[in-house]
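One-based numbering, in listed order, for ligands and for the atoms of each. These values consider heavy atoms only, across backbone and side chains, with no hydrogens, waters or symmetry-generated copies.
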Amino acid sequence: MFNHYNPHEIRDRARAAFIGMAIGDALGATVEFMTSSEIAAKYGTFKEIIGGGWLRLKPGQVTDDTQMALCIARAVISSQTWSLEAIAANFAAWLKSRPVDCGDTCRKGIRAYMLNGTLETPPNEWDAGNGAAMRMLPVALYSLPDRELLRKYALEQAHLTHNNPVSDAACLCLGEMLHLAICGAEKNRLRRQADGLAARFPTFAFEPYRGLASGYVVDTMQTVFHWFFRGRSFEECLVGTVNQGADADTTGAICGMLAGAYHGMEGIPQRWLKKMDRAVIAEIETVTERLVAASPAGRGY
Ligand code: MN
Ligand code: MN
């Protein structure tokens with residue numbers, strides 16, 4: 001895995017993954033909950049960061065996806081260690097700050113922590129939304145490149161709000177793909193990881209693509225895989241993904257982290273980067289640097 005181990009390249013890919021996630025969130029939020037035919041009728045191909053959407057966002061504004069990932073990043077950095085309690089406290093502070101939106105399952109888990117200090121929500125067959133997967137990037141960065149650490153952190157953070165085997169499988173697969181992509185793996189290696197998930201959980205099979213992009217983590221991951229493997233550039237991956245509509249900010253965020261990690265900073269269109277909320281990008285730059293520096297890979301630099 002680390003034949004081409006290169007600290008400079010790892011930093012570049014990690015930064016592109018986090019910024020790519022925020023871009024996918026801001027781009028997709030405009031068309032969240034629209035159908036692909038409604039998007040086509042209104043925009044042709046939708047490909048600019050213009051804000052609006054059901055949340056009436058400013059151009060470049062991000063939503064819960066990026067914000068919850070930043071909560072995890074802040075908690076780990078300020079604790080200088082992995083602290084589930086600190087992550088839950090950051091989620092609680094964020095929820096109290098009246099965020100622009102918050103998924104129902106996430107809200108339920110955060111409320112349970114605020115009321116009872118609960119750090120693990122009970123197993124629930126209905127909690128198979130994408131809310132745990134969408135905040136996997138800081139977990140992948142901080143555990144880089146240790147798969148055992150990734151597994152522990154991924155499941156712990158997921159179970160704050162989502163305790164479900166399908167969600168868990170998606171989180172772990174996504175985390176492993178992020179590790180691989182950030183370390184410079186080729187697309188066929190990433191493809192093997194996605195195919196492995198579909199072998200263990202056939203529901204994730206994404207070919208032929210069914211065109212569903214809902215917040216159900218299976219639909220979300222099928223959409224991300226389909227467009228990530230098909231796209232030849234960061235832009236193609238994201239435009240294909242968000243034009244499916246439905247949970248477009250979250251499919252955009254997850255595809256953005258993978259495509260960012262794979263294509264690196266050079267692949268991110270300047271016209272999109274310029275539209276982004278500058279304070280968010282500045283914080284992303286700082287936390288990415290610190291998470292990677294504190295990871296097993298970073299401590300070995
Ligand atoms: Mn969102
Ligand atoms: Mn969403």
Side-chain angles (χ1 to χ4, degrees), residues 17-36 38-39 46 49-73 90-91 94-95 97-110 126-138 157-158 160-162 164 166-167 170-171 174 211-228 237-260 272 275-277 280-281 283-284:
F18 220 136
I19 291 174
M21 177 188 70
I23 286 176
D25 184 4
L27 179 72
T30 304
V31 293
E32 190 181 18
F33 300 132
M34 291 173 76
T35 65
S36 54
E38 285 167 354
I39 296 169
F46 175 72
I49 295 178
I50 57 172
W54 74 284
L55 295 170
R56 299 169 186 271
L57 301 169
K58 294 194 259 319
Q61 191 178 347
V62 296
T63 73
D64 54 341
D65 310 68
T66 303
Q67 290 169 348
M68 292 190 83
L70 282 171
C71 283
I72 295 179
N90 265 269
F91 284 169
W94 169 73
L95 189 59
S97 78
R98 299 176 147 268
V100 62
D101 70 337
C102 177
D104 292 339
T105 309
C106 288
R107 186 186 305 273
K108 189 177 59 158
I110 298 167
W126 303 107
D127 288 352
N130 55 23
M134 75 187 189
R135 45 183 208 240
M136 273 301 297
L137 181 61
Q157 77 81 13
L160 284 169
T161 56
H162 294 64
N164 176 283
V166 176
S167 165
C171 288
L174 178 60
L212 302 179
S214 80
Y216 176 42
V217 71
V218 169
D219 294 352
T220 301
M221 295 309 294
Q222 286 177 346
T223 297
V224 168
F225 290 155
H226 176 76
W227 289 109
F228 172 69
C237 294
L238 259 71
V239 168
T241 297
V242 301
N243 277 271
Q244 295 296 142
D247 198 1
D249 63 324
T250 307
T251 56
I254 297 176
C255 192
M257 50 181 106
L258 265 181
W272 282 352
K275 282 276 161 55
M276 293 301 295
D277 183 323
V280 170
I281 297 297
E283 184 176 12
I284 284 174

Which atom name would you report as the N, O or S atom of [X] nearest the Mn ion (ligand 2)?
X      : answer
Asp249 : OD1
Glu32  : OE2
Asp247 : OD1

| query | Would you say Thr63 reaches the Mn ion (ligand 1) with an N/O/S atom under 2.8 Å? | reply | yes
| query | Looking at the Mn ion (ligand 1), is one of the N, O or S atoms of Asp64 less than 2.8 Å from it? | reply | yes
| request: Give me the one residue out of Thr251, Thr250, Thr66 that meets side-chain hydrogen bond (donor to acceptor under 3.5 Å, both in side chains) with Asp25. | output: Thr66
| Is it true that some N/O/S atom of Met134, main chain or side chain, lies under 2.8 Å from the Mn ion (ligand 2)? | no
Test item: [X] side-chain N/O and [Y] main-chain N/O as donor-acceptor pair under 3.5 Å:
X      : Y      : result
Asn243 : Phe46  : yes
Asn130 : Ala133 : no
Gln157 : Ala132 : yes

| Is Lys58 salt-bridged to Asp277, cutoff N-O under 4.0 Å? | no
| message | Please give the atom name: the N, O or S atom of Asp65 nearest to the Mn ion (ligand 1). | response | OD1
| said: A side-chain contact here means heavy atoms from C-beta on lying under 4.5 Å apart; do Arg135 and Cys106 qualify? | reply: yes
